[in-house]
Q: 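Okay, handing you the structure first.
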Amino acid sequence: MNRKVLRFTLAALAVLALAATAVAAPLRKNRAIAVILYDVEPGTRYTSLSSWNYYGGMSYTHYASAVRGAALATETIRSALVKNGYKVVSDQVTARIVKAQPKQPGPGAVKKISRAHGVSQYVDGTVEVLDTIRNEFGMYTGSAVVMVHVYDSTGRTIFSDSAMGKEVGATRDESEIKAVRKAAEELAERITGVPANPNVAEGGFYVFVRGARDFKTVQSVVTACKTVYGVTSARAGRFDGDWAQLAVFGNFDLKELQKAIVDKVPYARINDITDSTLYVDIY
C-alpha cells in the first residue's frame with residue numbers, strides 16, 4: 001500500500017470514528033438515571049381587551065398563572081429511556097430528590113444528589129411555554145422550549161442541548177401540551193439515539209381543512225394527498241363541524257401537495273402555509 005492510499009485510509013477511518021462518536025448516546029443503560037426538569041417562571045401572564053361603542057368603552061383584563069410543562073416533559077423523556085432499556089430511578093426516589101432540591105441544581109449539587117440517592121447519571125433542565133397565538137381558523141399555535149443538561153455522578157456535564165416545539169391545537173391547552181411533548185420527544189431522541197415515532201422522523205406535515213361540509217369532502221383531501229409522489233401515508237384526524245385536521249407523512253414536494261389538493265378537490269383553495277401546516281379553504 002503506497003503512502004497516498006495509506007493516508008486516505010487513515011483519514012477515512014478517522015472520519016468514521018468521529019461520526020460514530022457523534023451519534024453515540026450520552027447515557028449508559030446499566031447505570032441509574034434520574035430525570036427532573038423545572039418550569040421557567042416568567043411571572044404572571046395576562047391578556048387585555050378593550051371594547052368601545054356609542055356610549056363609551058370598557059377594558060377587560062384576564063390574569064393567569066405561568067403555564068407549566070416540566071412534569072409532562074420529564075415523563076416524556078423518562079418514558080423514552082425506559083422504553084429503550086435504560087435504568088431509570090423510581091418515582092419515590094425522584095420525589096425525594098425534588099424535595100431535597102426544589103430548584104435546578106448546579107454541578108456541585110448534582111454530585112451530592114448522586115451520592116445521597118444512588119444516582120449515577122442525572123438529567124435536568126428547564127421548560128418554558130411561550131405565548132400561544134390564535135389564527136384566523138380559530139385554532140391555536142403553541143410553542144415551548146425545553147433545555148436539558150446531562151451529568152455523570154461527579155457533576156461533569158456530558159451532554160447539553162435544547163429543542164423548540166411548535167404545534168397546533170383546537171384549544172390553547174391542547175396546543176401547549178402538544179408543543180411541550182414535541183420538544184421533549186426531540187430531546188429524548190437525541191439522548192437515546194432512537195426515533196420516538198418512525199413516521200414523524202421520516203417527515204410529517206399537517207393539513208387543516210376549513211369549510212368541509214361532510215367527512216366525504218375531508219376524505220377527498222386525504223385521497224388527493226396520497227397521489228403525491230413521496231407521500232407514504234395520509235390520514236384524517238379530528239373532524240369537528242366544518243373543519244378537519246389531516247396528517248401527511250413522507251418525503252415529498254410541498255408545492256406538489258398544494259397542487260394536488262387544488263386540482264383534485266372541488267372548490268379547494270390554499271389559504272396559508274407555515275413550517276409544519278398547510279391551511280385549506282373549501283368554498
Side-chain angles (χ1 to χ4, degrees), residues 69 72-73 75-76 79-80 83 129 132-144 146 163-190 194-282:
L72 174 60
E75 287 311 307
T76 301
S79 297
K83 181 180 178 182
V129 180
T132 301
I133 301 171
R134 190 175 188 183
N135 61 28
E136 62 183 82
F137 284 79
M139 306 295 290
Y140 293 87
T141 301
S143 303
V146 179
M164 179 176 181
K166 181 178 287 188
E167 287 289 346
V168 178
T171 65
R172 184 184 299 273
D173 289 342
E174 181 187 4
S175 67
E176 291 170 349
I177 288 170
K178 290 166 68 176
V180 170
R181 182 179 286 117
K182 181 178 181 180
E185 285 178 347
E186 186 174 331
L187 286 173
E189 289 178 6
R190 298 177 194 173
V194 180
N197 186 325
N199 283 333
V200 173
E202 190 178 335
F205 206 78
Y206 288 116
V207 176
F208 276 97
V209 181
R210 184 174 64 175
R213 295 176 180 82
D214 48 40
F215 191 72
K216 183 178 179 181
T217 304
V218 175
Q219 197 58 42
S220 69
V221 181
V222 174
T223 302
C225 293
K226 289 181 177 179
T227 65
V228 176
Y229 177 79
V231 171
T232 56
S233 67
R235 58 178 179 265
R238 301 184 59 164
F239 177 54
D240 186 4
D242 66 344
W243 67 267
Q245 175 188 0
L246 284 62
V248 184
F249 300 103
N251 295 306
F252 50 86
D253 189 322
L254 195 53
K255 290 183 179 179
E256 291 184 12
L257 184 70
Q258 298 179 61
K259 187 175 185 303
I261 294 173
V262 173
D263 290 349
K264 300 180 183 299
V265 180
Y267 309 111
R269 180 182 63 189
I270 306 301
N271 182 286
D272 193 15
I273 184 170
T274 65
D275 291 339
S276 61
T277 307
L278 177 68
Y279 296 92
V280 178
D281 274 339
I282 297 178

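Computed over heavy atoms, backbone and side chain alike; hydrogens, waters and symmetry mates excluded.
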Q: Would you indicate whether the side-chain heavy atoms of Tyr279 and Val207 approach each other to under 4.5 Å?
A: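 SC-SC contact between Val207 and Tyr279 ruled out.
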
Q: Using atom types as modelled and distance alone, determine if a side-chain donor or acceptor of Glu174 lies under 3.5 Å from a backbone N or O of Ala170.
A: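 A pair under 3.5 Å: yes.
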
Q: Which of these, Val265, Val248, Val280, sits in a side-chain contact (heavy atoms from CB on, under 4.5 Å) with Val221?
A: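 Considering Val265, Val248, Val280, a side-chain contact (heavy atoms from CB on, under 4.5 Å) with Val221 is found only for Val265.
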
Q: Is the number of heavy atoms from other residues, nucleotides or ligands within 6.0 Å of CZ (Phe215) greater than 12?
A: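 Atom CZ in Phe215 is crowded, with more than 12 foreign heavy atoms closer than 6.0 Å.
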
Q: Assign the ring pair Phe208 / Trp243 to parallel, tilted or perpendicular, where the plane angle (0 to 90°) is split at 30° and 60°.
A: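 Rings of Phe208 and Trp243: tilted, 30 to 60°.
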
Q: Can you tell me how far apart CZ (Arg181) and CG (Leu72) are? Round to the nearest 0.5 Å.
A: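 Reported to 0.5 Å precision, the distance equals 5.0 Å.
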
Q: Between the side chain of Ser79 and the main-chain N/O of Thr76, is any donor-acceptor distance below 3.5 Å?
A: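 No; zero donor-acceptor contacts below 3.5 Å.
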
Q: Considering only heavy atoms from C-beta outward, does the side chain of Lys264 approach that of Thr227 to under 4.5 Å?
A: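 Side chain of Lys264 against side chain of Thr227, heavy atoms only: contact under 4.5 Å found.
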
Q: Would you mind reporting whether Arg210 and Asn271 have side-chain heavy atoms less than 4.5 Å apart?
A: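 Yes; the side chains approach each other to less than 4.5 Å.
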
Q: How about Lys166 and Ser143: do any of their side-chain heavy atoms sit closer than 4.5 Å?
A: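 Lys166 vs Ser143: side chains touch.
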
Q: Looking only at heavy atoms, which two atoms of Val146 and Ala183 are closest? And how far apart?
A: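 Nearest heavy atoms, Val146 then Ala183: CG2-CB, 3.7 Å.
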
Q: Has Lys178 got a side-chain atom pairing as donor or acceptor with Val168's backbone, closer than 3.5 angstrom?
A: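 Yes: the side chain of Lys178 pairs with the backbone of Val168.
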
Q: Going from CG on Asp272 to CG on Leu278, what distance comes out if it is rounded to the nearest 0.5 angstrom?
A: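 One gets 8.5 Å once the value is rounded to the nearest 0.5 Å.
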
Q: Would you say that Val228 contacts Asp253 through its side chain, given a criterion of any heavy-atom pair below 4.5 Å between the two side chains?
A: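 When only atoms from C-beta onward are counted, Asp253 and Val228 do not touch, as no gap falls below 4.5 Å.
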
Q: I need the Leu246 CG to Gln219 CD distance, nearest 0.5 Å.
A: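 So the CG of Leu246 and the CD of Gln219 are separated by 8.0 Å.
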
Q: Looking only at heavy atoms, what is the nearest atom pair of Val180 and Ala144, with distance?
A: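 For Val180 versus Ala144, the nearest heavy atoms are CG2-CB, 3.7 Å.
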
Q: Please examine the side chains of Phe252 and Phe205, heavy atoms only from C-beta on, and report whether any two atoms are closer than 4.5 Å.
A: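 Result yes, sub-4.5 Å side-chain heavy-atom pair found.
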
Q: Side chains of Thr132 and Thr141: closer than 4.5 Å at any heavy-atom pair?
A: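 No; the side chains remain at least 4.5 Å from each other.
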
Q: Measure the shortest side-chain to side-chain distance between Thr232 and Asn251 over non-hydrogen atoms and say whether it is less than 4.5 angstrom.
A: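 Side-chain contact under 4.5 Å: no.
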
Q: Could you grab the distance from atom OG1 of Thr277 to atom CD of Gln245, nearest 0.5 Å is fine?
A: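 Answer rounded to 0.5 Å: 8.5 Å.
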
Q: Looking only at non-hydrogen atoms, find the nearest pair between Ala163 and Leu187 and report the distance.
A: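 Shortest heavy-atom contact: CB-CG, 3.8 Å.
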
Q: Report the C-alpha distance between Tyr140 and Glu176 in whole Å, list the side-chain angles of each, state the deciding distance to 0.1 Å, and finish with yes or no for side-chain contact (heavy atoms from CB on, under 4.5 Å).
A: CA-CA 9 Å; Tyr140 293 87; Glu176 291 170 349; over 6 Å; no

Q: To the nearest 0.5 Å, tell me how far Ile270 CD1 sits from Leu257 CG.
A: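 One finds 7.5 Å between CD1 of Ile270 and CG of Leu257.
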
Q: How far does CG of Leu254 sit from CD1 of Ile273, to the nearest 0.5 angstrom?
A: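 Going from CG on Leu254 over to CD1 on Ile273, the span is 3.5 Å.
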
Q: Mind listing the closest non-hydrogen atom pair of Gly169 and Ser175 along with its distance?
A: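 In this case the closest contact between Gly169 and Ser175 is N-CB, 3.6 Å.
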
